[in-house]
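For the single chain, residues carry numbers from 1 onward in sequence order.
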Amino acid sequence: MNRLLTRRSVLSASVATATAAALAACSNPSAPAGAATRILPTDPLIADFEARRAASGATVTQQLTAAPFDTQITGKSLTTWGYNGSLNGPLIRAKTGDLLDVPVANKLTEGSSVHWHGLALRNDADGVQGLTQEAIAAGTDYSYRFRLAHPGTYWYHSHFDMQRERALYGALVIEDPNEALSYDQEWVIILDDWLDGITGTPEEVVEELSMGMDMSGGNMEGMDHGGGGGMDMGMKHMLMGATSDYLGGDAGDVKIPVHLFNGKAPQDPEILDSRPGNRVRLRIINAAGDTAYRVGVPGQKITLTHTDGFPVQQQDVDAVVLGMGERIDALITVRDGYTPALALPEGKDGNAYGLISTGIGTAPSSNRLPKALDGTVTDGSRLKADESVLFAPKPPDRVHEMRLTGSMEKYDWGINGRRFDMAAPLDGAFDLRLDERVQVKIVNDTDMWHPMHLHGHTFQLAGNGARKDTVIVKPKQTVVFEFDADNPGQWLTHCHNAYHAEAGMMGVFSYLK
């Protein structure tokens with residue numbers, strides 16, 4: 001049996017204190033010869049760089065209260081955790097240059113934190129407990145204050161253990177005062193794979209996955225089909241046999257009983273009222289823990305305009321695939337009647353959808369919607385950046401190779417053969433210095449796809465590819481990207497499959513002085 005050294009178990013031994021001591025040692029002049037001197041979240045340089053960001057003079061404030069609440073999903077009453085008593089936290093809307101002020105009240109019985117996914121922000125507001133801040137202790141308050149540098153579709157979520165796999169997340173839209181895109185309406189869509197309170201808890205899933213699944217003996221007798229499109233070997237939560245040609249093989253690890261579209265199950269879809277001919281901007285966020293979604297409008301093209309907040313060369317497609325943590329903006333033109341925005345879990349059963357209604361016709365039910373979205377299908381990593389956001393050409397000052405390692409057999413996911421240890425977060429760190437152009441080669445040595453996310457920066461995919469912060473890396477694939485080291489601090493990089501990250505597929509990009 002292979003037990004995970006989870007962030008929870010480490011934190012129970014005061015990881016924040018241990019990490020603070022480790023970081024302090026790194027910057028101690030009396031440290032052993034050759035010890036790196038690092039720019040820590042408490043360094044005055046962090047505040048200096050924050051002060052350099054453009055300021056609009058406006059402040060946007062949103063209170064977040066993390067607490068248990070009662071709700072219903074597919075008719076089942078359950079208690080889960082969320083922000084402000086909702087399956088989706090409040091939509092935060094601001095403009096570039098605004099100061100975001102978010103007081104957080106932690107009404108949970110354990111620590112928590114908030115990560116602002118995709119944002120270039122001050123390092124001490126990034127919300128990674130044990131690395132950039134201590135956890136917000138149960139029953140205490142904490143405030144995040146930082147300027148918003150870039151427009152786009154972003155989101156926020158807890159970065160504490162498996163809390164994101166409940167309802168501790170919400171959308172953040174940063175508007176561009178000089179927006180060139182023309183549209184009549186906007187629909188912010190959060191997709192999620194949900195199991196808490198229905199088939200178990202996220203912690204129970206982690207416990208089961210940590211045992212691994214050794215298939216070396218090849219004994220497949222007695223294997224039955226289970227929920228979620230896979231096969232069941234007597235495991236309650238582990239999904240076996242779910243495959244996706246698009247993702248290059250294995251589609252996911254976890255049986256998911258229901259997929260949510262803005263907190264609503266397919267039995268009760270959200271409806272957006274509109275008019276024929278209206279152009280609607282869809283801001284689509286994949287908040288799932290283990291599921292990629294293929295999103296489209298059956299029988300109608302959608303126009304992709306942005307990925308992870310940044311504009312791309314627009315492309316008309318039948319569907320787009322989003323890995324966990326990714327965002328896509330798309331335009332559709334409303335037709336008369338009901339127009340479904342359909343999200344199919346890649347390689348799994350079920351769907352999530354919402355409806356655009358012009359007030360006539362009959363709304364389609366979930367079982368009347370297509371079970372496939374074919375034709376022209378793409379994802380954010382295949383798009384090209386709009387010329388306005390291309391990095392200036394520059395040879396890389398530093399090259400890092402990041403090999404993704406591990407397997408389902410032992411559930412020992414890691415980077416460069418190392419499972420991340422939050423008690424020693426800088427072991428195996430990827431060092432860099434201010435103003436360098438950093439090239440990263442991600443080599444996926446595993447048989448599983450991984451959505452890899454970089455905190456605090458956006459990168460440019462090779463060949464004038466899209467500007468992104470999260471990218472799908474398929475099995476045996478190498479992905480190359482570059483970014484400018486222009487935001488000092490200690491920044492996490494990790495797989496945004498929540499269970500792979502919990503197992504150890506995380507690392508740190510560490511700025512040296």
Spacing of [X] atom [atom1] and [Y] atom [atom2] [to the nearest 0.5 Å]:
X      : Y      : atom1 : atom2 : result
Ile92  : Tyr156 : CD1   : OH    : 4.5 Å
Asn262 : Leu272 : CG    : CG    : 10.0 Å
Met324 : Asn497 : CE    : CG    : 4.0 Å
Thr140 : Glu134 : OG1   : CD    : 10.5 Å

Report yes if the distance between the aromatic ring centroids of [X] and [Y] is under 6.0 Å, otherwise no.
X      : Y      : value
Phe459 : Phe481 : yes
Trp413 : His450 : yes
Tyr411 : Tyr499 : no
Tyr169 : His117 : no
His159 : His494 : yes
His457 : Trp491 : yes
Phe261 : Trp187 : yes

task: Could you go through the side chain to side chain donor-acceptor pair (under 3.5 Å) check for Ser381 and Asp379 one step at a time?
output: CA-CA 6 Å; Ser381 67; Asp379 64 77; 2.4 Å; yes
Counting only N and O atoms by type, is there a donor-acceptor contact under 3.5 Å from the side chain of [X] to the main-chain atoms of [Y]?
X      : Y      : value
Tyr83  : Ala67  : no
Glu208 : His237 : yes
Thr307 : Gly380 : no
Arg145 : Val102 : no
Asp290 : Asp253 : yes
Tyr293 : Val320 : no
Arg419 : Ala503 : yes
Asp161 : Gly111 : no
Asp421 : Ala423 : yes
Thr201 : Glu204 : yes

task: Can you run down the salt bridge (Lys or Arg N to Asp or Glu O under 4.0 Å) pairs that involve residues 41-57, sequence neighbours left out, and say none if there aren't any?
output: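 Every salt bridge (Lys or Arg N to Asp or Glu O under 4.0 Å) pair that includes a residue of residues 41-57, provided the two are not neighbours, is Asp43-Lys513, Asp48-Arg52, Glu50-Arg53.
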- request: Any salt bridge (Lys or Arg N to Asp or Glu O under 4.0 Å) involving residues 86-97? Give me the pairs, sequence neighbours left out, ordered by first then second residue.
  value: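 For residues 86-97, and leaving out neighbouring residues, the salt bridge (Lys or Arg N to Asp or Glu O under 4.0 Å) pairs sorted by first residue read Arg93-Glu175, Arg93-Glu186, Lys95-Glu175.
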Any donor-acceptor pair under 3.5 Å linking the side-chain atoms of [Y] with those of [X]?
X      : Y      : answer
Arg164 : His496 : yes
Thr65  : Lys107 : no
Thr153 : Arg283 : yes
Ser357 : Asp273 : no
Asn278 : Gln185 : yes
Asn351 : Ser366 : yes
Thr199 : Lys255 : no
Asp126 : Thr132 : no
Gln72  : Ser77  : yes

- prompt: Where do Ser56 and Asp98 land on the side chain to side chain donor-acceptor pair (under 3.5 Å) test, with the steps shown first?
  reply: CA-CA 5 Å; Ser56 68; Asp98 288 354; 2.5 Å; yes
Validation row: [X], [Y] side chains within 4.5 angstrom (heavy atoms):
X      : Y      : value
Ile46  : Pro488 : yes
Gln62  : Asp101 : no
Ile332 : Leu282 : yes
Ile328 : His306 : no
Asn123 : Asn487 : no

message: For Asp193 versus Gly289, what's the shortest heavy-atom pair and its separation?
response: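 Closest approach of Asp193 to Gly289, heavy atoms only: OD1-N, 2.9 Å.
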From CA spacing to verdict: salt bridge (Lys or Arg N to Asp or Glu O under 4.0 Å), Asp196, Arg166: CA-CA 6 Å; Asp196 186 44; Arg166 290 183 167 87; 3.4 Å; yes
message: side chain to side chain donor-acceptor pair (under 3.5 Å) for Tyr183 and Arg281? Distances and angles first, verdict last.
response: CA-CA 6 Å; Tyr183 52 95; Arg281 180 177 188 168; 3.3 Å; yes
- prompt: Would Glu346 and Arg294 count as a salt bridge (Lys or Arg N to Asp or Glu O under 4.0 Å) if you check the C-alpha gap in whole Å, the side-chain angles of each, and the deciding distance to 0.1 Å?
  reply: CA-CA 6 Å; Glu346 191 70 17; Arg294 183 179 296 214; 2.9 Å; yes
Ring geometry between Tyr144 and Tyr142 (parallel below 30°, tilted from 30 to 60°, perpendicular above 60°):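 Tyr142 vs Tyr144 ring planes: perpendicular.
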- request: Measure up the Phe430 and His400 rings against each other and bin them: parallel (under 30°), tilted (30 to 60°), perpendicular (over 60°).
  value: perpendicular
